[in-house]
Amino acid sequence: MAIERNGVILIDEEGRRSDGRKWDELRPIHIKVGVLRRADGSALVEMGKTKVLASVYGPREIHPRHLALPDKAILRVAYRMATFSVTERKKPQPSRREIELSKVIKEALAPALILDEFPRTAIEVYALVLQADGGTRVASINAAALALADAGIPMKDLVTAIAVGRIGNYIVVDLNDLEDKYGDADMPIAMIPVTDEITLLQMDGTMTPEQFDKCLEAAKRAILEIYDLQKEALRYRYLQIKKELMEEQSK
Amino acid sequence: MAIERNGVILIDEEGRRSDGRKWDELRPIHIKVGVLRRADGSALVEMGKTKVLASVYGPREIHPRHLALPDKAILRVAYRMATFSVTERKKPQPSRREIELSKVIKEALAPALILDEFPRTAIEVYALVLQADGGTRVASINAAALALADAGIPMKDLVTAIAVGRIGNYIVVDLNDLEDKYGDADMPIAMIPVTDEITLLQMDGTMTPEQFDKCLEAAKRAILEIYDLQKEALRYRYLQIKKELMEEQSK
Amino acid sequence: MAIERNGVILIDEEGRRSDGRKWDELRPIHIKVGVLRRADGSALVEMGKTKVLASVYGPREIHPRHLALPDKAILRVAYRMATFSVTERKKPQPSRREIELSKVIKEALAPALILDEFPRTAIEVYALVLQADGGTRVASINAAALALADAGIPMKDLVTAIAVGRIGNYIVVDLNDLEDKYGDADMPIAMIPVTDEITLLQMDGTMTPEQFDKCLEAAKRAILEIYDLQKEALRYRYLQIKKELMEEQSK
Amino acid sequence: MIPEIKKEIISKLEEEHILALLKDGKRIDGRGLFDFRNIEILPALLEKAEGSALVRLGDTKVLVGVKVSMAKPFPDTPNEGVFVVNAEFNPLASPAFELGPPSDYAIEVARVVDRAIRSAEMIKLDELAIIPGELVWMINIDIYAIDDDGNLIDASMIGAVAALMSGYLPKIEIIDEEKGKVEVISEEKYPIPLQNLPITFTFAKIRDFMVLDPNHIEENIMDSRLTIALNSQNEICAIQKGEGGGFKFEDIQLAKDIVLKKADSIRNLIVNQLAKKPRGEEAWDELRRL
Amino acid sequence: MIPEIKKEIISKLEEEHILALLKDGKRIDGRGLFDFRNIEILPALLEKAEGSALVRLGDTKVLVGVKVSMAKPFPDTPNEGVFVVNAEFNPLASPAFELGPPSDYAIEVARVVDRAIRSAEMIKLDELAIIPGELVWMINIDIYAIDDDGNLIDASMIGAVAALMSGYLPKIEIIDEEKGKVEVISEEKYPIPLQNLPITFTFAKIRDFMVLDPNHIEENIMDSRLTIALNSQNEICAIQKGEGGGFKFEDIQLAKDIVLKKADSIRNLIVNQLAKKPRGEEAWDELRRL
Amino acid sequence: MIPEIKKEIISKLEEEHILALLKDGKRIDGRGLFDFRNIEILPALLEKAEGSALVRLGDTKVLVGVKVSMAKPFPDTPNEGVFVVNAEFNPLASPAFELGPPSDYAIEVARVVDRAIRSAEMIKLDELAIIPGELVWMINIDIYAIDDDGNLIDASMIGAVAALMSGYLPKIEIIDEEKGKVEVISEEKYPIPLQNLPITFTFAKIRDFMVLDPNHIEENIMDSRLTIALNSQNEICAIQKGEGGGFKFEDIQLAKDIVLKKADSIRNLIVNQLAKKPRGEEAWDELRRL
């Protein structure tokens with residue numbers, strides 16, 4: 001039995017999703033670390049058609065100074081959508097949604113950072129959604145974590161995120177925009193894989209407690225998959241730096 | 001002869017006002033001091049259906065610091081109307097009216113405060129109109145003065161305020177919203193009762209010099225009435241605190 | 001052959017412009033230095049119906065302090081149009097145009113100033129267009145340079161500015177509003193006459209490289225003319241001050 | 001960048017005291033780990049708001065007002081009404097709040113309340129059309145923090161649902177459907193069409209301990225925050241993790257279990273208080289006694 | 001919170017000098033306690049404004065422009081025009097003024113001028129309807145402080161009334177009443193319909209002394225400020241107490257008496273200057289000589 | 001007042017090194033004084049934008065998106081479409097950029113790009129009317145700085161023209177001309193009507209030397225900046241001098257000569273890259289390899 005919402009077939013008769021994926025299948029993911037020259041750290045993360053660029057600066061001086069903390073660095077995060085990342089042009093001024101997501105992304109990243117090495121400074125993360133097709137906050141977290149690592153900020157581990165959700169009785173992983181909009185529930189999750197801590201958890205729509213448990217499990221599996229891709233991208237970046245350094249020395 | 005304005009009978013044939021009061025009769029006034037836990041001082045003042053809550057913080061540090069004065073505390077006052085305090089929803093952003101009233105309320109309170117005991121600090125007053133039925137600025141002053149006293153800020157005396165006005169040849173005291181809107185003149189006044197100083201005086205509409213004199217007299221009488229209620233509310237608050245302290249000691 | 005644009009005759013059959021001027025003729029220019037009491041320096045410049053008032057403050061303390069430079073003063077410039085200076089009321093909030101012009105005017109003035117005598121301070125220029133009839137930015141520069149001199153800010157020389165442009169094959173000097181709007185090119189230029197440096201250069205519309213060269217030449221001639229008027233106005237101001245001082249001493 | 005929420009400095013001694021109590025399953029205000037503070041609701045106490053409620057959750061106080069007005073519908077939902085949740089966390093309520101545009105915290109709370117109401121489909125938006133495609137009811141739910149002794153989220157949520165449940169729409173007559181002209185029949189009113197009653201439960205994690213409904217001292221030392229919303233069917237209808245720490249899977253399972261156990265009693269409490277409490281000026285009589 | 005208005009530091013010595021003079025009934029600029037400074041009005045000097053006036057009150061200078069445009073009326077006054085008073089106190093005029101949105105001081109002054117005009121019913125708003133219920137004249141009165149040597153309120157008030165009295169409305173023809181289309185008949189104009197001439201008097205209280213029309217040095221040491229507005233019938237039509245001090249009843253009685261004594265002469269002065277002064281580019285000739 | 005643009009601190013040593021090289025006609029990145037860095041354009045890589053281009057100018061990267069929508073025309077040009085250029089220079093691209101409203105630098109760049117497009121009459125605005133006087137196409141050109149290694153102006157200009165040239169308008173059908181109702185025929189599209197290709201050349205003056213296309217280290221020590229725009233006829237169609245230094249007449253003549261010499265090759269390069277580069281997801285394949 002196909003599942004249709006607002007005239008859109010979200011799950012077809014064979015249980016395939018609108019873009020042909022199985023319920024627990026991720027979209028093609030591309031990750032590249034160190035894509036910007038001027039930022040201290042940066043990463044490009046593509047989850048299907050969702051494309052996010054993140055940059056990191058710091059630790060650096062804070063203005064106004066009274067915001068500084070005497071015992072640790074403060075983390076500042078801005079999540080923004082490019083005006084042309086969505087169907088209707090978004091105004092450049094941050095929306096309430098962008099302000100809320102900046103806050104929860106910050107709080108998803110903070111637990112992984114060792115902030116007390118740099119008192120009185122700020123570490124600043126900026127994530128720009130270039131193209132939005134669902135899951136922009138989780139792609140931003142995946143990119144930001146890598147940009148932080150690329151900037152050499154001391155971390156316990158990366159942070160990895162995925163959105164899971166529900167369409168009828170189906171649990172689905174890595175929701176695209178259609179599924180996000182017309183599905184029955186959407187639940188973005190971020191974890192620190194190495195400590196098993198959940199650092200972002202949001203939900204809207206409805207789920208029974210049992211469906212919620214299934215979502216958590218599916219999310220955890222997906223996160224480990226993405227975590228491997230993140231680590232691979234970081235490794236590639238380090239090899240690249242090493243190569244560049246060796247080339248420079250051999251000059 | 002009844003007085004009618006915009007189809008509303010403001011004074012009936014027996015000289016009674018739209019809510020049945022005599023010309024110099026105050027609305028029922030309820031005052032409670034110390035109603036908030038987190039504020040350093042607070043008060044709820046109800047003048048008829050006009051309800052205002054005021055809180056006070058300070059003396060405390062100022063940001064940005066260059067606003068600090070080397071020889072005394074600065075007083076900051078914000079007067080705001082709740083969005084749902086009026087018939088048409090008010091936008092949350094402060095209007096020009098709210099900004100002006102914040103200023104004149106500050107200047108009505110300042111003369112009663114002994115600010116030079118706390119150089120380089122700020123004393124901050126916030127008055128929120130929960131329900132507006134005329135006289136919100138004078139209710140705010142009455143509440144703010146009590147909140148300042150409750151916070152233990154050193155004062156020469158309380159500040160007490162009332163709106164008086166004119167409907168035809170009638171001088172009226174403690175105007176309600178209808179009288180404020182359709183009456184012929186509205187004059188809010190604040191005084192420091194013990195020094196007989198006028199610290200707020202505004203007027204719109206028109207008055208002959210003679211009517212103005214009558215208004216001043218009527219205002220003074222009303223202010224002394226309200227002043228007694230303020231002092232009573234403060235006394236009640238002190239007794240309450242004393243009781244709480246004794247109960248605590250006896251534990 | 002007359003030149004017409006949008007139904008307006010910009011050049012008539014005798015080669016005269018819409019206000020009767022010859023191609024290289026300036027509008028009547030009136031300059032008065034020291035017109036304001038409170039500002040450290042001030043000047044009123046009228047170029048035809050374009051009237052601009054400029055004031056200067058400084059060197060003075062900077063807020064917020066982290067904007068201060070350790071080795072020189074910073075220059076801040078605000079260019080604003082009065083709401084009633086144009087046909088349709090301008091909103092008081094600065095437009096993008098006003099922000100850009102504030103920037104280029106600042107950069108036109110800066111090269112003439114000797115800023116390293118006053119480290120950690122700000123020199124602030126405010127130019128208000130009272131009436132706009134073309135050439136408001138160049139009139140603002142002419143006025144601001146004089147206000148800076150009047151304030152006693154050390155300068156290599158004045159800065160002098162003019163707008164030149166093209167109407168068909170005609171090069172025209174000191175464009176009025178009609179010529180600015182309907183002409184084929186508009187090019188405001190500022191120079192430091194004594195060093196022959198160009199410190200402002202902007203253009204819109206189109207010009208061949210040859211027309212551009214002719215414009216530069218015409219601009220230079222006009223700038224020297226205006227420079228003389230500026231110096232005369234300054235001289236008049238100094239005589240006036242001297243007179244006042246002598247009168248005071250003789251008291 | 002978004003400024004950090006200012007936390008008050010809690011003395012190291014006080015923090016240790018709280019942690020020591022928690023180890024024994026106790027809290028500084030004497031509650032059990034998963035007890036709510038006392039909940040008191042005064043509905044419909046404001047005359048100029050179409051709906052209102054003052055909520056006390058222990059010493060935390062929130063005032064919510066509902067204003068209704070007529071507006072154009074959104075182009076993609078031409079036959080549905082609109083509601084907007086806004087939170088004003090101003091210096092009245094806490095020394096940590098500032099004047100100015102809403103902080104990211106106030107925006108977060110408003111959006112969590114909005115999501116819970118929306119996901120639970122509490123308001124029957126399709127019954128809020130006046131002239132389909134042209135004119136619909138717009139419901140503004142404005143939350144004012146009055147006294148922040150912790151857990152503004154749950155207080156705001158209770159305030160929002162109570163204000164809606166105590167609220168009304170004015171009766172109107174359509175004068176000219178073409179021109180979209182309508183007339184309010186003053187005095188006549190009917191309840192806002194509702195069909196669900198979402199509630200939230202907010203937990204604080206303090207080191208290895210979880211507590212429900214944290215007071216502000218607990219909030220000041222908490223590592224992270226978790227809010228779970230349930231609709232009337234006891235389905236989860238919103239979740240929000242907040243603050244810069246993390247949760248273990250077991251923490252979340254524990255929170256879920258507690259929430260499911262407590263939902264019905266909280267929902268009953270809200271319904272009961274709305275039924276029995278005085279309204280209008282009488283509510284103020286009660287308020288003055290509190 | 002609203003920042004304090006910055007006051008300049010006046011040396012202790014200068015302050016004592018002023019106070020000593022006041023004790024003898026004298027002022028630093030030689031005036032009597034209740035003398036206005038010299039008032040000079042240049043009306044209609046701006047070409048792009050429908051009304052304008054430059055006012056000099058001693059060395060204080062204010063430029064006021066009136067712009068008229070067509071707008072929808074307010075729903076509750078469908079047959080009345082609209083006017084808005086706005087004040088821009090920018091760094092041109094004083095080292096104490098800053099860029100950015102209007103300060104609370106600028107807002108206060110604009111609102112006092114607005115109230116005096118409104119209470120005196122200076123503008124016949126009911127003659128400003130173009131198509132009743134659809135289109136009315138909107139009058140923007142924008143006050144720019146040019147040089148603040150004290151008492152911007154009275155200078156602004158004189159500027160506003162002078163700009164209105166020198167102003168005009170363009171003649172228009174209604175093309176299509178249904179669609180609200182009108183056409184301006186350029187060149188033809190008629191005066192803004194006015195019926196009253198409100199004026200203000202501002203006093204400073206400096207310790208135990210009252211002075212009229214304070215200059216900026218007096219403002220810097222004043223304790224409080226009192227403005228009284230009178231309409232053409234010499235009724236009080238607006239009052240504003242400002243600054244952080246107080247007034248005794250006798251102070252206010254004194255102020256009232258002075259105001260009533262002086263009103264007619266000030267009103268005459270305004271009318272006379274408006275009648276005799278040059279306009280347009282000729283006003284600038286005069287201005288350059290000032 | 002407008003804050004100064006923050007410059008990074010370049011060590012005195014590095015500065016002297018650059019100046020020494022310049023004396024020999026060399027630059028730190030090996031280019032000749034008047035060489036552009038490598039230009040790479042990836043057009044139409046975004047799916048939700050009607051036009052887009054990623055431009056790399058050396059290590060400087062700019063992403064430009066074009067969004068089209070329907071809007072009311074301006075009253076004075078009722079039969080012409082509208083375009084708006086906006087630049088977002090946010091912290092992604094440089095440690096010197098800040099969050100918040102656009103800086104004066106971002107506004108300047110957007111306005112220079114706007115002027116070049118407008119003066120060259122690149123967009124045929126008269127072909128953008130849908131229902132004359134009622135409905136026209138509105139084209140938003142949004143420039144995002146991604147990585148600022150210097151010369152954002154020229155990168156932005158190339159990005160804007162490339163995004164326009166790769167862009168399209170959806171086909172629409174007019175349903176009701178009276179009411180201004182139209183319907184988009186999805187899938188069908190046609191190119192944005194264009195007729196010119198303006199380009200800009202930006203020079204830095206560093207002491208006595210002029211260089212084309214400065215990188216960010218050169219920008220940090222430059223005294224002033226000059227941008228010249230040429231249209232397809234090699235007429236000058238915009239000029240902008242920037243930064244707090246000056247230019248000699250000879251400098252400007254030199255710049256003009258170089259610009260005229262180089263314009264055709266740059267214009268060809270843009271056209272060629274637009275013709276041969278992959279689009280959509282394939283553009284991303286290429287991007288990942290860069």
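Numbered from 1 within each chain, the chains take letters A, B, ... in sequence-line order.
- Ranked by heavy-atom pairs under 4.5 Å with chain A, the list Val64(F), Asn90(F), Asn86(F) is led by Asn90(F).
- Within a 6.0 Å radius of CZ in Arg65(A), no more than 12 heavy atoms belonging to other residues, nucleotides or ligands are found.
- Put simply, CH2 on Trp284(F) and NE2 on His30(A) are 10.5 Å apart, with the number rounded to the nearest 0.5 Å.
- Counting heavy-atom pairs under 4.5 Å between each of Asp148(F), Ile146(F), Asp142(F) and chain A puts Asp142(F) at the top.
- Heavy-atom distances place the backbone of Val35(A), and not its side chain, under 4.5 Å from chain F.
- Side-chain atoms of Glu47(F) do not come within 3.5 Å of backbone N or O of Gln131(A) as any donor-acceptor pair.
- A distance of 12.0 Å separates CZ of Arg38(A) from CG of Leu92(F), quoted to the nearest 0.5 Å.
- No more than 12 heavy-atom neighbours from other residues, nucleotides or ligands sit within 6.0 angstrom of CD1 on Ile9(A).
- Between Arg89(A) and Glu50(F) there is no salt bridge, since no side-chain nitrogen of the basic residue lies less than 4.0 Å from a carboxylate oxygen of the acidic one.
- Ranked by heavy-atom pairs under 4.5 Å with chain F, the list Val56(A), Asp40(A), Val86(A) is led by Val86(A).
- Taking a 6.0 Å sphere around CD of Glu244(A), one finds it holds more than 12 heavy atoms contributed by other residues, nucleotides or ligands.
- For Ala147(A), no part lies near chain F; criterion is any non-hydrogen pair under 4.5 Å.
- Both the backbone and the side chain of Lys48(F) come within contact range of chain A, with heavy atoms under 4.5 Å apart.
- Judged by distance alone, the side chain of Lys49(A) and the main-chain N or O of Glu281(F) form no donor-acceptor pair under 3.5 Å.
- The nearest pair of heavy atoms linking Asp149(F) to Arg37(A) is OD1-NH1, 3.6 Å.
- Across Leu128(A) and Tyr144(F), no two heavy atoms sit closer than the pair CD2-CD2, 3.7 Å.
- For Lys72(A), the NZ atom counts as loosely surrounded, since its 6.0 Å shell holds 12 or fewer non-hydrogen atoms of other residues, nucleotides or ligands.
- Rounding to the nearest 0.5 Å gives a distance of 11.0 Å between CD1 of Ile141(F) and OG1 of Thr83(A).
- When all heavy atoms of Pro91(F) and Ser55(A) are compared, the pair lying nearest together is O-OG, 3.6 Å.
- In this structure the side chain of Arg80(A) reaches within 4.5 angstrom of the side chain of Leu99(F), judged on heavy atoms.
- For Glu88(F), the part lying under 4.5 angstrom from a heavy atom of chain A is the side chain only.
- Proximity to chain F (any heavy atom under 4.5 Å) is restricted, for Leu44(A), to the side chain, taken from C-beta onward.
- One finds a salt bridge joining Arg288(F) and Glu46(A) here, because a Lys/Arg side-chain nitrogen approaches an Asp/Glu carboxylate oxygen to under 4.0 Å.
- Residue contact with chain F, scored on non-hydrogen atoms closer than 4.5 Å, is absent for Ala127(A).
- In this structure, Asn140(F) and Phe84(A) have side chains that are not in contact, with every pair of non-hydrogen atoms separated by 4.5 Å or more.
- Of the atoms belonging to Thr87(A), heavy atoms from both backbone and side chain fall under 4.5 Å from chain F.
- Under a cut-off of 6.0 angstrom, the local environment of CD in Glu183(F) is sparse, with at most 12 non-hydrogen atoms contributed by other residues, nucleotides or ligands.
- More than 12 heavy atoms of other residues, nucleotides or ligands lie within 6.0 Å of OH in Tyr190(F), so this atom counts as buried by the packing criterion.
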